[in-house]
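Chain A is the first sequence line, chain B the second, and so forth, proteins listed ahead of strands; every chain is numbered from 1.
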Number of protein chains: 2
Amino acid sequence: MGMTRVTRRRSRHEEEENETGRRDMRKQRTRRALLDAALELMQGEQSFNSISLREVARNAGVVPTAFYRHFRDMDELGLTLVEEALRALRQMMREARSAPLPANSLINRSVQTYIGYVQANRDYFQFLAKERFGGSRALRTAVRQGTALFISELATDLARFPTANRLSTEELQMISSLIVNIMISTTEQLLDLPPDNDAEVDWLHDQSAQQMRLVFLGSLQWKPKSEREKKKALAQG
Amino acid sequence: MGMTRVTRRRSRHEEEENETGRRDMRKQRTRRALLDAALELMQGEQSFNSISLREVARNAGVVPTAFYRHFRDMDELGLTLVEEALRALRQMMREARSAPLPANSLINRSVQTYIGYVQANRDYFQFLAKERFGGSRALRTAVRQGTALFISELATDLARFPTANRLSTEELQMISSLIVNIMISTTEQLLDLPPDNDAEVDWLHDQSAQQMRLVFLGSLQWKPKSEREKKKALAQG
DNA sequence: ATTATTTGTGAACAGTCGTTGACTTTATGT
DNA sequence: ACATAAAGTCAACGACTGTTCACAAATAAT
């Protein structure tokens with residue numbers, strides 16, 4: 001049966017504490033090297049499906065055939081990268097959520113945090129941005145599912161605001177996807193900037209913060225579907 | 001000097017009216033075939049810089065070397081495609097603008113028109129969407145300049161509304177880019193749908209129309225920078 | 001200590017790629 | 001009618017690609 005063998009490590013005695021499987025260590029090391037190599041190659045003009053398996057192996061300091069010890073093919077490596085990137089993003093969200101809400105300048109703080117995070121993980125976001133439309137169907141749907149989940153989480157966060165009580169789930173989703181749109185657009189513009197162009201980065205910050213404020217104002221004025229129907233029923237009755 | 005030769009067509013007599021240069025005709029025909037071949041190849045999984053010159057030539061029913069009679073390299077062909085796509089889009093805008101404004105259901109009509117247009121020019125938009133981030137620097141900036149111009153035109157259109165008088169040019173640009181964001185996102189979701197999935201297309205229509213309405217509501221409530229400063233000055237004085 | 005398993009190497013394959021140069025064919029300019 | 005220039009064909013090159021197989025080295029299991 002093709003199952004993974006159950007390795008009963010550290011058998012005889014429970015001594016030899018720090019024996020961290022020198023085999024696995026080495027494996028994880030070159031695996032990471034391959035992933036990083038792919039990310040690095042995509043920082044320039046290349047997109048994921050225009051870089052070659054051999055290129056990745058070469059860039060990782062390994063012979064092409066060694067690649068197959070870690071990934072079935074390039075697509076599998078790509079999926080791994082998507083997974084890593086989205087997991088990191090979700091973690092950032094979780095941390096940001098647990099922070100106390102300054103309520104007033106909440107938007108500014110959030111935008112600030114997010115921009116900083118994107119700049120700190122430029123390569124991952126570069127990859128996500130490119131594969132959001134460029135890549136194979138598998139990668140594309142993986143990215144989309146990730147952002148969809150992102151939108152949903154944002155929606156449940158927004159639902160915690162007292163003002164949001166009037167709004168239905170669908171309306172909250174609609175607003176969340178609008179906000180995520182702003183974030184995506186900001187990200188793309190940010191990635192097209194030299195990383196140290198502070199003036200432009202600040203402008204980008206203001207722009208997206210303003211846009212979010214505008215969305216906020218709009219949702220305060222929004223006439224929920226339920227109310228509209230109530231009104232209509234009233235007019236008819 | 002490597003200049004293009006000035007061809008003095010139809011020299012001797014001004015007769016021979018319909019002599020539409022059988023040479024040029026043929027040339028334009030295969031040129032178009034090459035462009036269409038590239039577009040068609042990109043309908044699937046491939047992105048522009050993952051399709052080969054030979055593939056394009058083959059798909060156009062022509063030998064690889066014939067390619068060079070029309071384009072210096074693939075990048076030049078790509079730039080031509082961007083140009084064509086943006087020109088078509090701008091023309092649509094011009095037509096939409098000349099139409100009378102129903103004022104009330106303006107947003108619904110506009111979204112409807114745009115979605116129809118995207119579906120009618122699926123291949124061009126597929127290309128634009130992919131190259132917006134995937135492609136070479138040259139293509140990318142070409143696409144971005146196009147959308148920037150698009151935003152500006154939309155801003156001047158919005159400025160014609162009576163409500164827009166309170167807003168500065170920068171604020172109008174900010175709002176316009178927000179709207180264009182919605183359109184871009186809608187486009188991308190639309191392209192990821194089978195072209196005949198009417199139910200999903202309708203949902204997409206509603207979603208983006210709602211988002212635009214929300215932006216509209218928001219901009220009505222927007223406190224322009226000028227007013228905010230006035231208020232502040234008042235408080236201080 | 002001796003097996004077995006795993007990680008990485010090396011050579012080789014059949015294809016595809018972009019680009020070259022010398023050619024045929026065909027319409028144009030005089 | 002004849003020379004010219006243009007559009008497309010053909011063969012060939014050196015380079016790079018993904019994948020294969022057999023093999024070396026290192027580690028784990030017994």
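Look at CZ on A/R31: it is 17 Å from C1' on C/dG8, rounded to the nearest Å. For the pair B/M25 CE and C/dT28 C1', the interatomic distance rounds to 16 Å; values are reported in whole Å. Atom CG of B/L34 is separated from atom P of D/dA7 by 13 Å (rounded to the nearest Å). Atom pair B/K27:NZ and D/dG8:P shows a separation of 8 Å (rounding to whole Å applied). Atom CZ in A/R29 sits about 14 Å away from atom C1' in D/dT27, given to the nearest Å. Between B/Q46 atom CD and C/dT16 atom C1' the separation is 13 Å, expressed in whole Å. In this structure, CZ of A/R54 is placed 12 Å from P of C/dA11, rounded to the nearest angstrom. Here the C1' atom of nucleotide C/dG18 and the CG atom of B/L53 are 7 Å apart, to the nearest Å.
Between B/K130 and B/E188, no side-chain nitrogen of the basic residue sits less than 4.0 Å from a carboxylate oxygen of the acidic one, so the salt-bridge criterion is not met.
Within residues 57-75 of chain A, the residues that place at least one heavy atom under 4.0 Å from DNA chain D are, in residue-number order, A/R58, A/T65, A/Y68.
To the nearest 0.5 Å, atom OH of residue B/Y117 and atom CD of residue B/E95 are 8.0 Å apart.
Using modelled atom types, one finds no donor on one side chain facing an acceptor on the other under 3.5 Å when comparing B/Y114 with B/T186.
Mapping B/S52 and A/T30 onto DNA chain C by nearest heavy atom places A/T30 closer to the 5' end of the strand.
OP1 or OP2 of D/dA28 has not a single side-chain nitrogen or oxygen of A/R23 nearer than 4.0 Å.
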A/R58 vs A/R54, side chain to side chain contact (heavy atoms under 4.5 Å, CB included): CA-CA, chis, key distance, verdict: CA-CA 6 Å; A/R58 200 180 310 140; A/R54 289 183 108 105; 3.9 Å; yes
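B/S185 contributes no side-chain N or O that, together with a main-chain N or O of B/N181, makes up a donor-acceptor pair within less than 3.5 Å. The main-chain N or O of B/L41 is never found under 3.5 Å from a side-chain atom of B/E55 such that the two would form a donor-acceptor pair.
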